[in-house]
Number of protein chains: 4
Amino acid sequence: MTTSPNLEDSRRRQILDAAFSCFASRGFSSVTMDDIARVSGLSKGALYWYYKSKDELILALCEAWIEKNDRALMKMAQECSLDQLLFDYPKYLFAQREIAAHSKFFFHLWAISTENDEVKTRVAKMYREHNEQAGAFVRTAVDLAILKPEVDPENFARQILALFDGLLIQWHYDPTMDLSANWSQSVRNLLEGIGSTKLQIQE
Amino acid sequence: MTTSPNLEDSRRRQILDAAFSCFASRGFSSVTMDDIARVSGLSKGALYWYYKSKDELILALCEAWIEKNDRALMKMAQECSLDQLLFDYPKYLFAQREIAAHSKFFFHLWAISTENDEVKTRVAKMYREHNEQAGAFVRTAVDLAILKPEVDPENFARQILALFDGLLIQWHYDPTMDLSANWSQSVRNLLEGIGSTKLQIQE
Amino acid sequence: MTTSPNLEDSRRRQILDAAFSCFASRGFSSVTMDDIARVSGLSKGALYWYYKSKDELILALCEAWIEKNDRALMKMAQECSLDQLLFDYPKYLFAQREIAAHSKFFFHLWAISTENDEVKTRVAKMYREHNEQAGAFVRTAVDLAILKPEVDPENFARQILALFDGLLIQWHYDPTMDLSANWSQSVRNLLEGIGSTKLQIQE
Amino acid sequence: MTTSPNLEDSRRRQILDAAFSCFASRGFSSVTMDDIARVSGLSKGALYWYYKSKDELILALCEAWIEKNDRALMKMAQECSLDQLLFDYPKYLFAQREIAAHSKFFFHLWAISTENDEVKTRVAKMYREHNEQAGAFVRTAVDLAILKPEVDPENFARQILALFDGLLIQWHYDPTMDLSANWSQSVRNLLEGIGSTKLQIQE
DNA sequence: CATGAATGAGCTTTCATTCAT
DNA sequence: TATGAATGAAAGCTCATTCAT
C-alpha cells in the first residue's frame, strides 16, 4: 500500500528546501540533521526515511539546486535575445533578494567539492555543460559576425562564467557594490575593449 | 634564560604550515586538531600552547596566508612592468605546483567567511586593499593613456580580481585547462575588445 | 503517538539516582558524565538528551534532593509532636543507613556553593525556609510557655540547624559516635541549660 | 652546595599562601597548578620542585592550615579566661575579614575528605584533638562546679564544636547574620537553658 | 510512514606532570 | 634551583545514525 507518489515528492521538496535554507547560511558541516529536521518541520527519522545519510541528502540537494538553475538558464536562453543574455545574466538567474543565499551556497559548493568527490563530479559536469552552452552561443555570435572572428569560444565562455563567480565573491565581501551594474559594465568593457589604440598588446 | 625568541616563531610557523596543509586539502571543519598535531609533529597540547583555540588558529592562519600573499604581490608590483603585472599575475602569485593547494584554500576561505565573522572581516579587508591597489594601477594606466579615458578604475579592478578568482574555480573543476594561457587570453580580450564593429552596444 | 509521559520522568529519576550515588561519594568535579552514564545504565548521549550540561544536571539534582528532604520534613512536622520533632529530627530525616551518603552530599553541596551561584542561591533558599519554619515552631513553643519567653526564635532556629549540620561533620570524622544519642543529649542540654547556678553569665 | 634552608622555607610558605588563596575561593579540583604558580609568582616547575604532586601540595596545605589554627587556639587557651574562651571563640579564631576565606576553606576540607583519605585522616585527627581539648576544659569546669555535674564532657565538646561549624555554614548562606552575636547568644542559651520550668524533658 | 529516544565514536579543550635547558 | 615548553590522558559535549514503537 504505497502512499501517493505526490506525498513523497512533496516531502522530499520540503526537506530539500529546509536543507538549502540551512546549508546556504551555515555550511554543510556546521548544519546538523537536527537543524534540518527542525526547519523542515519533520522528524529526524523522516529525513532518514527519504535520504539514507547526510551525504546523500547533500548530493541530492546539490543536484536539485543545479538542475533548477539549469532550467532557469534554459528558459532564459529561449526567451532572451543575445543582448539580454549577455547583459542581464545575473538579473535573470537569481531574484535580487536571493543573491545572498545563492552566493553563499556557491561558496559551500566549491568548498565541499574539495572533500566530496560525488559532489565535485556533479558540479564539474555543471561547469562543463555551462561552458559548452556558452561556447555554442559564442560560436553563433562569431558566425553572425557579432563577435570578432578570432575570438576563441571556449576561452571566452570560461572568461564570462569566471566573471560571474568572481563578482559574486566581490559582492559577498562588499555588499554595497551594485552587482548588476558591475556585471553590465564588465561585459561592455569586454566587448568594446578598454585598451587605447596606443597600447601594444603582448602576443 | 628563556628559550631563543626564534623558537616560538619557528613553532608557530611549524603549526601554521601543518594547518595550511591540512585545511587546504580538507576544509576547516573536517580537519581535527589531532590531524594538525600529527602533521606538525607536535602534540595536541603544544598546539594549544601557541593558539588558544581552533578558531584562533584558523584566524592566525588566514592572516598569515593573506599577509604572505600580499608581500608576494607587493614584490611583484615593484619588480614588474605593467604588462607583466597584467599578463602574468597568476604565474607570479603561486608557483605552478602550489595552485591546487592555494585554490582550495581560497574556497575554504570563502566558505568559512559565511560563518566566521572575524575571518570574513579579515578577508574583506584583503579584497578592499587589493581593489584599491588595482584601482590605483588602473588610474595610472588611464593617466598614461594606456587605457581608454572612460575606463572606470574601481569597476575594472573588480573585474580583473573577479576574473582571477573565477578562473581558479574553473581550473578546479577542469584541471586540464591551462590557467596561465586562459588568463593571458582573457586579459587580451579585455584590452582589445571582442565585439566586432558591427555590434551595437547597450548603453 | 509519543512515548508514555512517564518515561521521561522515570529516565530523569534514573539519571538523578545515579548522579546522587556518584556525586555523594566522590564530589561534583571528580565524577564524570561517563561515570553517571555507567551507573545509570544509560549512554552518555541519553544523559545529554535529558540534561543540557553537567551543570544543569548538578542543579537539577540539588533541587530534587532539597525538595525531597523538604517533603520529608513537612510530613514529619505534620505527624510528629513537638517533642519528637526536637529529639528525633535526624532519625526521621534520613534512614540510618543513608546518613553516610547524605552527609557527604551535604559537604559537596556546601563546597560547590562557593563556586556555583545557581546552586548557592538554591541552597540559600533552603536554609532561609528551614530557618523560618523552625522559627515559627519556636514562636509557638514560646507562646505555649514551653520555652522561656526571652528566647529569640530566629537565633534559636539557627542554633538548632547549625547543630544538625555540625554533628553531621563530627560524625563524618568519627563514625563510631552515636549521632542520634548525641543529638538528643545536645537538645536536652539546650533545654535544661548546663550552667550551674553558681555561674555568672556574661551579658 | 645547598641553598640556605630559609629559602626553602620561604618558598614553601610562598606556595602555600598562594595555594590557600586559590583553593579557599575556588575549591581543590577547580584550581590548577597554573593558577597557583601564577598567584605565587613562581613557575610551575618550582611548584613541583617543592611538592611532588598536587595531592601532596593539598595535604601539606591542609596540615599547615590546621597547625596554624591549632597554634592560635593554644595561644587563646593560655591567654584567655574560660568565659572569653566560651563566648569569643570565633572572634579569636579568625580575624573578622578572614572569615569568608576560612569558612570556604572549611567547606572544601570537608568535601575533599570524602575523596582523599590522607586529608580525611589528618582532619579527623584535628577534630579528635579539638574534642579532647574541649572535653578537658569541660571536665575542669565541672570540677570547679561551673557546669552542672551531670554534664557529659565528650558530648558537650562535640556540641560546641558542631555549633561552630554549623554557624559558619549558616553565615555562608546569609552573610547578613552577625556571627559573633549569634555564637554568644547560642552559648548563653546553652548555659542557662531555654526550656521553661513547665517543660517535661524526655529522658 | 513517522517519531524521537538512545547510542557511541569522535571532537575540542584542559591540565597534572615531565624534562631539556 | 628554576623555567616554561611539551606531553597525552581524560574531560565535557556533539551529532550522524539507528530502531522500538
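Convention: sequence-line order gives letters A, B, ...; per-chain numbering from 1.
Aromatic ring centroids of A:Phe105 and A:Phe20 lie under 6.0 Å apart.
Residues D:His108 and C:Trp110 bring no donor and acceptor atom of their side chains to less than 3.5 Å of each other. Side chains of A:Gln14 and A:Ser40: no donor on one and acceptor on the other come within 3.5 Å.
A donor-acceptor contact under 3.5 Å is formed by the side chain of B:Lys44 with the base of E:dT13.
Separating the CG atom of C:Leu57 from the C1' atom of F:dA11 is a distance of 15 Å, rounded to the nearest angstrom. When the C1' atom of E:dA16 is taken as reference, atom CZ of D:Phe28 falls 17 Å away, rounded to whole Å.
In the set F:dG12, E:dC11, F:dT3, E:dC11 carries the atom at the smallest distance from any side-chain atom of B:Thr32. For D:Met33, taking side-chain heavy atoms from C-beta onward, the closest of the listed nucleotides E:dT17, E:dC15, F:dG8 is E:dT17. When each of E:dT12, F:dA6, F:dA2 is scored by its nearest atom to the side-chain atoms of B:Ser43, the top-ranked nucleotide is F:dA6. Listed candidates were E:dA16, F:dT7, F:dA16. Nearest to the side chain of D:Lys54 is E:dA16.
Looking at heavy-atom distances under 4.0 Å, A:Tyr50 makes contact with sugar-phosphate atoms alone, never a base.
DNA chain F is contacted by both C:Lys52 and C:Asp35; C:Asp35 maps to the nucleotide lying nearer its 5′ end (nearest heavy atom per residue).
Remark: the backbone N or O of B:Ala111 is not paired with any side-chain donor or acceptor of A:Lys104 at under 3.5 angstrom.
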